[in-house]
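In what follows, a single structure is set out as structure tokens and then discussed.
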Amino acid sequence: MLKEKTLVPPDIELGFTPAEPNTIGDDQKTNKKTSEDITNKCAKYVSGAPDGGFKAWSVIVASMLTTFCTLPSLSLGSFKSIMSKSFYPKKVAFIFLPGLLTGRLFDLGHFKIPFFTASCGLIACTFLTAECKQYWQFFLVQGLFTGLFGGIIYAQAMSVVPHWFSKKKGTALGIVSIGSSLGGILFPTAGQNLLPLVGFKWTVRVFGFMMLVALGIANLGIDRRLPSVNIEGGLVNLSAFRYPAYTIYCISGITCYLGLYTVPTYLPLSATAVGMSDNFSFLLIAVTNVASGLGRLSAGFLADQIGEGLAGILTFAWPYASSQGALIGVSLLYGIASGTYVSLIVAPAMAMGDVSDVGRRVGMFLTIATLGTLVGTPISGAINARTGGFKDPGFYAGGVVIFSALLLCVVRYLQLGRLHGKC
């Protein structure tokens with residue numbers, strides 16, 4: 001039992017206090033022979049978290065390059081007729097799915113080899129996409145394997161942040177998350193310009209070479225700082241769910257992802273439906289990604305439930321946007337709001353327990369959130385197909401996102417004893 005020392009620094013920001021030493025992990029026991037040595041060693045490392053310096057920031061840059069090659073960047077947004085609508089929600093779900101296994105491996109110290117192997121797999125899948133001709137081939141390569149390989153490196157890139165930062169963790173997470181916004185801008189923009197010049201195959205191959213460079217640098221720069229700890233209990237720490245704040249936060253993750261990706265997935269389609277050009281629809285994707293980057297950078301100063309609540313309100317308003325100005329306004333504000341939430345998605349899970357178990361705790365949350373990601377956007381699509389419009393999908397998605405924001409308020413109250421303020 002780790003009774004005497006908490007391995008989480010007392011000055012965790014983002015509005016979440018660290019858990020009491022036995023809040024989560026009440027029944028977690030380290031190997032009896034090395035328990036005391038591991039605890040003392042980890043405590044020494046945690047208390048000396050650098051919160052800056054060349055090595056720490058190089059890890060953050062490496063993690064940012066990792067997210068650059070995972071989330072929106074691989075939806076290949078410029079090929080929306082082939083990929084975005086069909087594969088993006090599924091791919092995000094598969095990215096979150098490996099978190100349970102990857103998080104456990106991370107805590108046990110298995111980091112570099114899984115990260116390198118998954119990086120190679122992700123690059124290979126991108127080059128194979130250029131050879132795909134049928135739907136099932138695109139689904140397997142882009143929808144399934146790209147998501148799974150991306151999920152392995154994504155979970156590791158996020159889990160390594162608290163090894164290097166405590167006071168500035170919000171800023172560090174924001175910088176890491178901005179990589180996906182940069183990818184969401186650069187890949188579609190490059191694709192739109194390259195497609196008429198070199199065709200589909202060489203456009204995707206260029207994407208592969210871009211990823212080869214980015215992930216090559218990431219593999220050189222990313223590293224963990226704390227020693228591994230062999231905490232018993234396997235892949236799942238069921239005792240974590242005895243802590244109400246963590247349980248409710250996991251539920252909020254499911255409900256949020258039931259609606260969060262409805263607007264970015266269907267906004268270009270709704271713009272086309274009200275008479276906007278394809279070029280303008282593409283512009284909306286770029287505006288959303290730029291704004292999302294701003295939201296991710298400011299996440300250290302904004303509460304995640306504020307961003308999520310605003311995203312829910314904008315989801316209600318989105319179907320009523322019928323002019324260019326209104327659509328750009330929705331894209332801009334929604335990008336900022338959703339970016340704020342996404343960049344902080346794992347921060348509360350990181351704070352609710354010992355840093356020695358952070359990989360498994362984050363992995364459990366991401367795997368649970370997968371359920372919402374996997375079915376949320378298809379539900380919106382089914383509602384759209386049945387009703388023939390976007391108002392009902394907007395009401396559905398906005399409602400579940402607002403409900404998730406309310407759950408976050410409950411989590412904050414359980415953690416802080418109040419609904420506002422930071423620690």
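Numbers here are sequence positions counted from 1.
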Discussion item. Atom CG of residue position Leu197 - does it have more than 12 heavy atoms of other residues, nucleotides or ligands inside 6.0 Å?
Written reply: yes
Worksheet item: Just by modelled atom types, is the Met64 backbone N or O under 3.5 Å from a matching donor or acceptor in the Thr67 side chain?
Response: yes
Discussion item. Rounded to the nearest 0.5 Å, what separates atom OG1 in Thr117 from atom CD1 in Ile153?
Written reply: 11.5 Å
Discussion item. Can a donor-acceptor pair be found, under 3.5 Å and without considering hydrogens, that links the side chain of Ser63 to the backbone of Val59?
Written reply: yes
Response to the item:
Output for pair (Leu215 CG, Ile123 CD1), nearest 0.5 Å, gives 5.0 Å
Practice prompt. Quick one: pull up CG in Leu220 and CZ in Phe116 and give me the separation to the nearest 0.5 Å.
Written response: 10.0 Å
Worksheet item: Okay, side chain of Thr189, backbone of Leu186: is any donor-acceptor separation there less than 3.5 Å?
Response: no
Discussion item. List the residues meeting ring pair (Phe, Tyr, Trp, His ring centres under 6.0 Å) with Phe241, not counting sequence neighbours, and say none if there are none.
Written reply: Tyr246
Practice prompt. Mind checking the CD1-CG spacing from Ile251 to Leu408? Nearest 0.5 Å is all I need.
Written response: 11.5 Å
Worksheet item: So Tyr261 and Tyr257, would you call those rings parallel, tilted or perpendicular, with 30° and 60° as cut-offs?
Response: parallel
Discussion item. Counting C-beta onward and ignoring hydrogens, is there a side-chain heavy-atom pair between Thr247 and Tyr243 closer than 4.5 Å?
Written reply: no
Fill in: Partner residues of Trp57 under the ring pair (Phe, Tyr, Trp, His ring centres under 6.0 Å) criterion, sequence neighbours left out
Phe165
Worksheet item: Parallel under 30°, tilted from 30 to 60°, perpendicular over 60°: which one fits the rings of Phe68 and Phe187?
Response: tilted
Worksheet item: When you measure from the side chain of Asn289 to the backbone N and O of Ile285, does any donor-acceptor pair fall under 3.5 Å?
Response: yes
Discussion item. For the backbone of Leu284 and the side chain of Thr288, can you confirm whether one donor and one acceptor N or O come within less than 3.5 Å of each other?
Written reply: yes
Practice prompt. Would you check if the side chain of Ser181 reaches a backbone N or O of Ser177 as a donor-acceptor pair within less than 3.5 Å?
Written response: no
Worksheet entry | Whether over 12 other heavy atoms sit under 6.0 Å from Phe395 CZ | yes
Worksheet item: Can you name the residues that form a ring pair (Phe, Tyr, Trp, His ring centres under 6.0 Å) with Tyr334, not counting sequence neighbours?
Response: none
Worksheet entry | Beyond-backbone contact of Val411 with Met352, side-chain heavy atoms, under 4.5 angstrom | yes
Worksheet item: What's the shortest heavy-atom distance between Phe365 and Ala349, and which atoms?
Response: CB-CB, 4.4 Å
Discussion item. Would the distance check show the side chain of His163 and the main-chain N or O of Arg224 forming a donor-acceptor pair, the cut-off being under 3.5 Å?
Written reply: no
Item to complete: Would you check if the side chain of Ser159 reaches a backbone N or O of Gln156 as a donor-acceptor pair within less than 3.5 Å?
Response: no
Fill in: Heavy-atom closest pair, residues Cys125 and Val141
O-CG1, 3.1 Å
Worksheet item: Nearest heavy-atom pair of Ala155 and Leu366: which atoms, and what distance?
Response: CB-CD1, 4.4 Å
Response to the item:
For Ser331 and Val287 the tightest heavy-atom approach is CB-CG1, 3.8 Å
Worksheet item: Which residue pairs satisfy the salt bridge (charged side-chain N to carboxylate O under 4.0 Å, His left out) criterion with at least one member in residues 171-185, sequence neighbours excluded?
Response: none
Discussion item. Treating Trp202 as the side-chain partner and Leu194 as the backbone partner, does any N or O pair qualify as donor plus acceptor under 3.5 Å?
Written reply: no
Fill in: By ring pair (Phe, Tyr, Trp, His ring centres under 6.0 Å) - contacts of Phe209 (at least two apart)
Phe127
Item to complete: List the atom of Ala62, the atom of Ile222, and the distance in Å for their closest heavy-atom pair.
Response: CB-N, 3.5 Å
Worksheet entry | Distance, nearest 0.5 Å, that separates CE of Met158 from OG1 of Thr70 | 9.5 Å
Worksheet item: Roughly how far, to the nearest 0.5 Å, is the OG1 atom of Thr66 from the CD1 atom of Ile217?
Response: 11.0 Å
Output a table of donor-acceptor pairs, distance under 3.5 Å, between side-chain atoms of residues 313-320 and any protein atom two or more places apart or on a different chain; print 'none' if there are none.
from, atom 1, to, atom 2, distance (Å)
Thr315, OG1, Ala311, O, 2.7
Trp318, NE1, Ser270, OG, 2.9

